[in-house]
Participant: 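I have a structure I would like to understand better, so I am pasting it below and will then ask my questions one at a time.
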Amino acid sequence: MNDQSIKKFRFGSPFETKSTVKSIPEEKGSPSFVDITADGKTISYRLGKNDKVYGMGEAVRGINKRGWIYETYCSDDPMHTETKRSLYGAHPFVIVDGESVFGIFVDYPERIVFDIGYSNVDMLSVTVGMPDYDLYVITGETPLDVVRRFRELIGKSYIPPFWAFGFQQSRWSYATSSSVRAVIDGYRKNGFPLDAVYLDIDYMEDFKDFTVNSDRFPDFERFVSEVGKENIHLVPIIDAGVKIEEGYDIYEQGRDNGYFCKDKYGNDFVAAVWPGKVCFPDFLNSRAAEWFGMNYKRLTDAGIDGFWNDMNEPAIFYSQAGLDNAIDKIASLKGKNLGIYDFFNLKDTVQGLSNSASDYSAIYHNADGERVCHDRVHNLYGYAMTKSASDAFRRIAPDKNILMFSRASYIGMHRFSGIWMGDNQSWWSHLKLNLQMLPSLNMCGFLYTGADMVGFGDNCTEELALRWLALGIFNPLMRNHAAIGTRDQEFYQFKDREAFRSLLRLRYALIPYLYSEFIRAAEENDMMFKPLAFEFRGDRFAEAVEDQLMVGSNIMIAPVYEPNALGRSVYIPEDMLAVRFRSEDDFTVSEVSQGHRFFEIPGNEVLVFIRKGRALPLVRSADCTKKLDLSTLYFIGEPSDGFTFTLCTEQGVRGGESVIAKTVFTFSGQTDPEKKIFRAAKQ
Ligand code: GLC
């Protein structure tokens with residue numbers, strides 16, 4: 001790699017984010033491509049008419065981000081409408097793809113505004129609040145080159161355990177061991193595969209981190225072990241806020257050791273989240289981070305080997321100060337005849353209690369001796385929480401690869417965990433958003449990711465559930481999760497069980513391919529999900545496709561994301577094979593030629609397109625990942641002479657990381673060209 005392809009420019013005194021792993025010398029002059037205002041606060045670039053802009057990681061809208069204004073600011077906001085500027089993760093990296101191809105990464109953990117041709121269609125402008133940041137300008141021949149170089153800069157992506165490629169069922173909440181048992185039975189008795197069930201906040205005692213409610217989960221350890229024998233992993237949630245309660249040891253330890261974030265007077269900052277009043281561990285303080293991380297041991301000791309970290313933007317329902325103000329305001333209005341603007345103002349006051357800017361500004365960290373206002377480091381909080389757990393896992397359980405993903409994130413956190421796409425809704429538009437976020441997140445190093453399949457908020461229809469499953473089987477993190485109060489949406493609850501079962505079983509048949517392509521992407525700093533624009537350069541139709549993806553090196557997917565659809569139009573960028581799956585062993589293969597085509601796709605079918613000269617490996621499905629027999633693979637396709645497929649398998653764990661074994665399958669033209677299906681045993 002040409003080291004000149006990454007240039008680093010330092011402005012002011014940036015806060016150390018630990019986003020990068022490679023040290024790049026600072027340049028003295030000014031960056032090429034972009035202009036920077038004299039105060040250093042705005043970086044701009046004049047976009048060519050057809051330039052595309054990729055990146056932004058977790059964000060709304062399409063794969064090409066041009067035409068909207070985004071803000072990198074970790075936000076607890078479950079309404080992912082297209083008008084939103086921020087979601088839970090903050091990923092300040094964009095790639096311009098036009099006459100010049102380059103990426104910019106603005107390493108700055110405060111809010112950054114990325115105006116990507118919104119205020120002025122021809123301008124990309126990136127504005128920070130204070131000129132204290134590192135700017136990296138990354139060049140390459142293609143956007144994929146830029147991604148690879150960026151990823152080399154920020155380090156290798158997290159690899160979860162193999163079982164985390166199995167299907168996982170969640171709900172807020174399976175609040176008792178018997179409700180967890182009922183879900184396991186619902187899947188197993190109906191012949192649906194399953195690898196994990198999630199424990200949302202109600203497994204705890206009064207929402208207290210690292211506790212388990214013993215009425216609801218009597219003999220928790222035994223229960224974990226019992227379901228473990230059935231190859232089910234239980235994955236509890238850990239929230240950022242620690243309940244304030246005398247006698248609760250975690251709270252008392254945090255308080256007594258000064259491990260919590262402070263207010264401006266140096267008292268523990270107090271806010272309310274699920275448990276009521278909480279304090280927030282100061283993850284930017286290494287001793288506090290180590291302390292919090294080591295507490296996961298209470299659960300790993302009980303046999304737990306997976307976690308999801310939540311509410312770590314951090315989410316704040318209200319602070320005492322905010323609530324007092326709001327109550328005073330309401331009291332002052334009592335008995336008055338309110339004008340309409342006073343009324344709206346009142347409403348905003350109450351709604352604005354949560355995640356308010358003034359509360360964030362009132363939080364102070366002790367970053368190993370330096371007192372830092374939270375505003376300066378907001379986007380690092382969830383990252384630091386998750387890193388604290390990851391660091392602890394290496395010590396607590398070096399013989400286990402522990403699954404972990406977080407809600408909030410920043411660039412660099414991808415080295416320690418995955419993320420999920422947060423609280424989406426059971427909306428068709430969010431099925432499409434799931435598809436479109438995958439490549440953008442991959443650009444930023446987040447490979448282990450997925451949306452709450454079927455939608456978290458709101459009630460889903462059977463049709464949406466089945467269509468979402470047809471995309472969900474490709475998500476590395478394949479989890480069905482639902483909010484409290486929504487209808488039951490475990491897949492066995494729907495009427496056409498056969499269709500749901502077949503697609504779920506198909507996922508398991510695809511796991512060798514998905515896992516192997518995931519590992520390859522992680523090791524080679526590649527993207528597992530690519531837009532067609534990255535693969536078929538110069539094809540103007542391919543470059544405009546926003547609703548199909550290349551998955552790994554060999555296949556393309558084109559899911560249906562609209563209701564009442566007979567099927568959909570697909571752009572076939574080169575001659576391919578179309579495989580129409582009804583189940584893992586009920587499928588037909590046909591040749592399709594380059595061009596725009598309409599495909600009828602009934603809800604119980606999944607269409608996969610195999611690239612010319614390549615093949616898709618499948619394994620016989622099983623009811624959990626552990627039972628997959630990876631010794632024999634079936635291939636569909638017409639691999640050209642010399643085509644190889646490298647199967648990756650997990651051969652144990654060392655130092656908390658999976659040890660990956662590789663088996664290369666090589667093809668020599670001896671396959672049956674008529675059937676396009678053949679078997680290959682391990683060599
Ligand atoms: C947050 C999480 C969601 C979880 C809920 C209750 O909204 O994003 O996944 O179910 O909190 O813990």
Participant: Any sub-3.5 Å donor-acceptor pair from R149's side-chain atoms to T139's backbone N or O?
Facilitator: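 Yes.
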
Participant: First locate atom CD1 of I402, then atom OG of S417, and finally report the distance between them rounded to the nearest 0.5 Å.
Facilitator: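 Between atom CD1 of I402 and atom OG of S417 there are 12.5 Å.
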
Participant: Is it the case that atom CZ in R654 sees more than 12 heavy atoms from other parts of the structure closer than 6.0 Å?
Facilitator: no

Participant: Can a salt bridge be assigned to the pair E535 and R611 using a cut-off of 4.0 Å between side-chain N and carboxylate O?
Facilitator: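 Looking at E535 and R611, the cut-off is met.
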
Participant: Would I159 and L447 count as a side-chain contact (heavy atoms from CB on, under 4.5 Å) here? Give the steps.
Facilitator: CA-CA 8 Å; I159 296 178; L447 298 182; over 6 Å; no

Participant: For E543, is there an ion pair with R540 - N to carboxylate O distance below 4.0 angstrom?
Facilitator: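 Judged by the 4.0 Å cut-off on N to carboxylate O distance, R540 and E543 do not form a salt bridge.
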
Participant: First locate atom OG of S621, then atom CG of L510, and finally report the distance between them rounded to the nearest 0.5 Å.
Facilitator: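 S621 OG to L510 CG: 9.0 Å, rounded to 0.5 Å.
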
Participant: Can a donor-acceptor pair be found, under 3.5 Å and without considering hydrogens, that links the side chain of H430 to the backbone of H80?
Facilitator: yes

Participant: Quick one: closest heavy-atom pair of F529 and F474, and the distance?
Facilitator: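 Taking F529 first and F474 second, the nearest heavy atoms are CZ-O, 3.1 Å.
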
Participant: To the closest 0.5 Å, what do you measure between CD (E463) and CD (E562)?
Facilitator: 10.5 Å

Participant: Looking only at atom types and distance, does a side-chain atom of H414 sit under 3.5 Å from a main-chain N or O of G155, one as donor and one as acceptor?
Facilitator: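 Side chain of H414 to backbone of G155, a donor-acceptor pair under 3.5 Å: yes, one is there.
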
Participant: So, do R479 and W308 sit near enough that their side-chain heavy atoms are less than 4.5 Å apart?
Facilitator: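 Yes, at least one pair of side-chain atoms sits under 4.5 Å.
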
Participant: Show, in sequence, the C-alpha distance, side-chain angles and deciding distance for I154 and F93, and conclude whether the side-chain contact (heavy atoms from CB on, under 4.5 Å) test is met.
Facilitator: CA-CA 11 Å; I154 61 175; F93 171 62; over 6 Å; no

Participant: Using atom types as modelled and distance alone, determine if a side-chain donor or acceptor of E591 lies under 3.5 Å from a backbone N or O of D575.
Facilitator: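 No: the side chain of E591 does not pair with the backbone of D575.
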
Participant: Inspect the contact between D97 and R66 and indicate whether a charged nitrogen and a carboxylate oxygen are less than 4.0 angstrom apart.
Facilitator: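 Salt bridge absent between R66 and D97.
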
Participant: From I557 CD1 over to L471 CG, what is the distance, rounded to the nearest 0.5 angstrom?
Facilitator: 5.5 Å

Participant: For residues I419 and M413, determine if any side-chain heavy atom of one lies less than 4.5 Å from a side-chain heavy atom of the other.
Facilitator: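 The answer is yes, as the side chains (C-beta and beyond) meet within the 4.5 Å cut-off.
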
Participant: With heavy-atom distances below 4.5 Å as the criterion, would you say the side chains of F645 and E517 are in contact?
Facilitator: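 In contact.
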
Participant: Side chain of S390, backbone of T386: donor and acceptor closer than 3.5 Å?
Facilitator: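 Checking the backbone N and O of T386 against the side chain of S390, no donor-acceptor pair under 3.5 Å is found.
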
Participant: Give the minimum heavy-atom separation between R620 and L628, together with the two atoms involved.
Facilitator: O-CD2, 3.6 Å

Participant: Are S426 and N459 packed together at the side-chain level, in the sense that at least one heavy-atom pair is separated by less than 4.5 angstrom?
Facilitator: no

Participant: Do D195 side-chain atoms and T625 backbone N/O form a donor-acceptor pair below 3.5 Å?
Facilitator: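 Yes, D195 side chain to T625 backbone: donor-acceptor pair under 3.5 Å.
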
Participant: Where do N424 and D452 come nearest, in terms of heavy atoms and distance?
Facilitator: ND2-O, 3.1 Å

Participant: Do Y571 and F536 have ring centres separated by under 6.0 Å?
Facilitator: no

Participant: CD1/I572 to CZ/F609 distance, rounded to the nearest 0.5 angstrom?
Facilitator: 4.0 Å

Participant: Please work out whether the ring planes of W68 and Y70 are parallel, tilted or perpendicular, with thresholds of 30° and 60°.
Facilitator: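 Perpendicular.
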
Participant: Side chains of Q651 and T649: donor-acceptor distance under 3.5 Å anywhere?
Facilitator: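 T649 and Q651 do have a side-chain donor-acceptor pair below 3.5 Å.
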
Participant: Is it true that the side chains of D585 and Y634 contain a donor and an acceptor less than 3.5 Å apart?
Facilitator: no

Participant: Please name all residues satisfying ring-ring contact (aromatic ring centres under 6.0 Å, His included) with W163, sequence neighbours left out, ordered by chain then number.
Facilitator: H233

Participant: Using the side chain to side chain donor-acceptor pair (under 3.5 Å) rule, take Q168 and Y198 through it: C-alpha gap first, then chi angles, then the decisive distance, then the call.
Facilitator: CA-CA 8 Å; Q168 314 180 31; Y198 279 66; 2.3 Å; yes

Participant: Would you please classify the geometry between the F446 ring and the H91 ring as parallel, tilted or perpendicular, with 30° and 60° separating the classes?
Facilitator: tilted

Participant: Examine F635 together with F643 and report whether their ring centres are nearer than 6.0 Å.
Facilitator: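 No, the ring centres sit 6.0 Å or more apart.
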
Participant: What about the rings of F500 and Y492, do their centers lie closer together than 6.0 Å?
Facilitator: no

Participant: For a side-chain contact (heavy atoms from CB on, under 4.5 Å) check, start with the C-alpha distance between L469 and M478, then their side-chain angles and the critical distance, and finish with the verdict.
Facilitator: CA-CA 9 Å; L469 179 56; M478 184 193 183; 3.4 Å; yes

Participant: Got I184 and V227 here, is their nearest side-chain heavy-atom distance under 4.5 Å?
Facilitator: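 The answer is yes, as the side chains (C-beta and beyond) meet within the 4.5 Å cut-off.
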
Participant: Is there a side-chain contact between F165 and P476 in this structure, where contact means two heavy atoms from C-beta onward sitting under 4.5 Å apart?
Facilitator: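 In contact.
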
Participant: Kindly indicate whether the side chain of M527, heavy atoms from C-beta on, has any atom under 4.5 Å from the side chain of R151.
Facilitator: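 Of all side-chain heavy-atom pairs linking R151 with M527, at least one is under 4.5 Å.
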
Participant: Can you spot which of W468, F167, F192 makes a ring-ring contact (aromatic ring centres under 6.0 Å, His included) with F491?
Facilitator: F167

Participant: Ignoring hydrogens, what is the shortest heavy-atom contact between R188 and C624? Give both atom names and the distance.
Facilitator: NH2-CB, 4.0 Å

Participant: Within the distance-only criterion (no hydrogens, no angle test), does the side chain of E462 pair as donor or acceptor with the backbone N or O of D496 below 3.5 angstrom?
Facilitator: yes

Participant: Regarding N480 and Q489, do their side chains bring together a donor and an acceptor under 3.5 Å, going by distance alone?
Facilitator: yes

Participant: Within this structure, what is the CD-CZ distance for the pair E524 and R148, rounded to the nearest 0.5 Å?
Facilitator: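 Answer for the CD-CZ pair, E524 versus R148, is 6.5 Å.
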
Participant: State, with a plain yes or no, whether a side-chain heavy atom of R568 is found less than 4.5 Å away from one of Q548.
Facilitator: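 Heavy-atom side-chain distance check passes, below 4.5 Å.
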
Participant: Any side-chain donor paired with an acceptor under 3.5 Å for N475 and N434?
Facilitator: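 Side-chain D/A pair, N475 to N434: present.
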
Participant: Is there a donor-acceptor pair under 3.5 Å between the side chain of Q493 and the backbone N or O of D488?
Facilitator: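 Not confirmed, Q493 side chain does not pair with D488 backbone.
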
Participant: Evaluate W420 against F456 for side-chain contact (heavy atoms from CB on, under 4.5 Å), listing each step before the verdict.
Facilitator: CA-CA 12 Å; W420 91 101; F456 172 72; over 6 Å; no

Participant: Is E546 reaching over with its side chain to a backbone N or O of N64, donor-acceptor style, under 3.5 angstrom?
Facilitator: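 Looks like yes, one N/O pair under 3.5 Å.
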
Participant: I'd like a table of donor-acceptor pairs (distance under 3.5 Å, sequence neighbours excluded) in which one partner is a side-chain atom from residues 48-59, with atom names and distances.
Facilitator:
unit_1 : atom_1 : unit_2 : atom_2 : d
D51    : OD2    : G48    : N      : 2.8
E58    : OE1    : G89    : N      : 3.1

Participant: Please report the shortest heavy-atom distance between Q594 and P573, naming the atom on each side.
Facilitator: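 Of all heavy-atom pairs spanning Q594 and P573, the closest is CG-O, 3.4 Å.
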
Participant: Taking S157 for the side chain and G445 for the main chain, is one N or O donor matched with an acceptor at less than 3.5 Å?
Facilitator: yes

Participant: Which heavy-atom pair separates K400 from D305 by the least distance, and what is that distance?
Facilitator: CD-CB, 4.1 Å

Participant: Going through the distances and angles, do E657 and K156 end up as a salt bridge (Lys or Arg N to Asp or Glu O under 4.0 Å)?
Facilitator: CA-CA 13 Å; E657 288 180 13; K156 290 267 150 64; over 6 Å; no

Participant: For a side chain to side chain contact (heavy atoms under 4.5 Å, CB included) with F534, tell me which candidate from L549, V147, T142 qualifies.
Facilitator: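 So, applying the side chain to side chain contact (heavy atoms under 4.5 Å, CB included) to F534 and each of L549, V147, T142, only V147 qualifies.
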
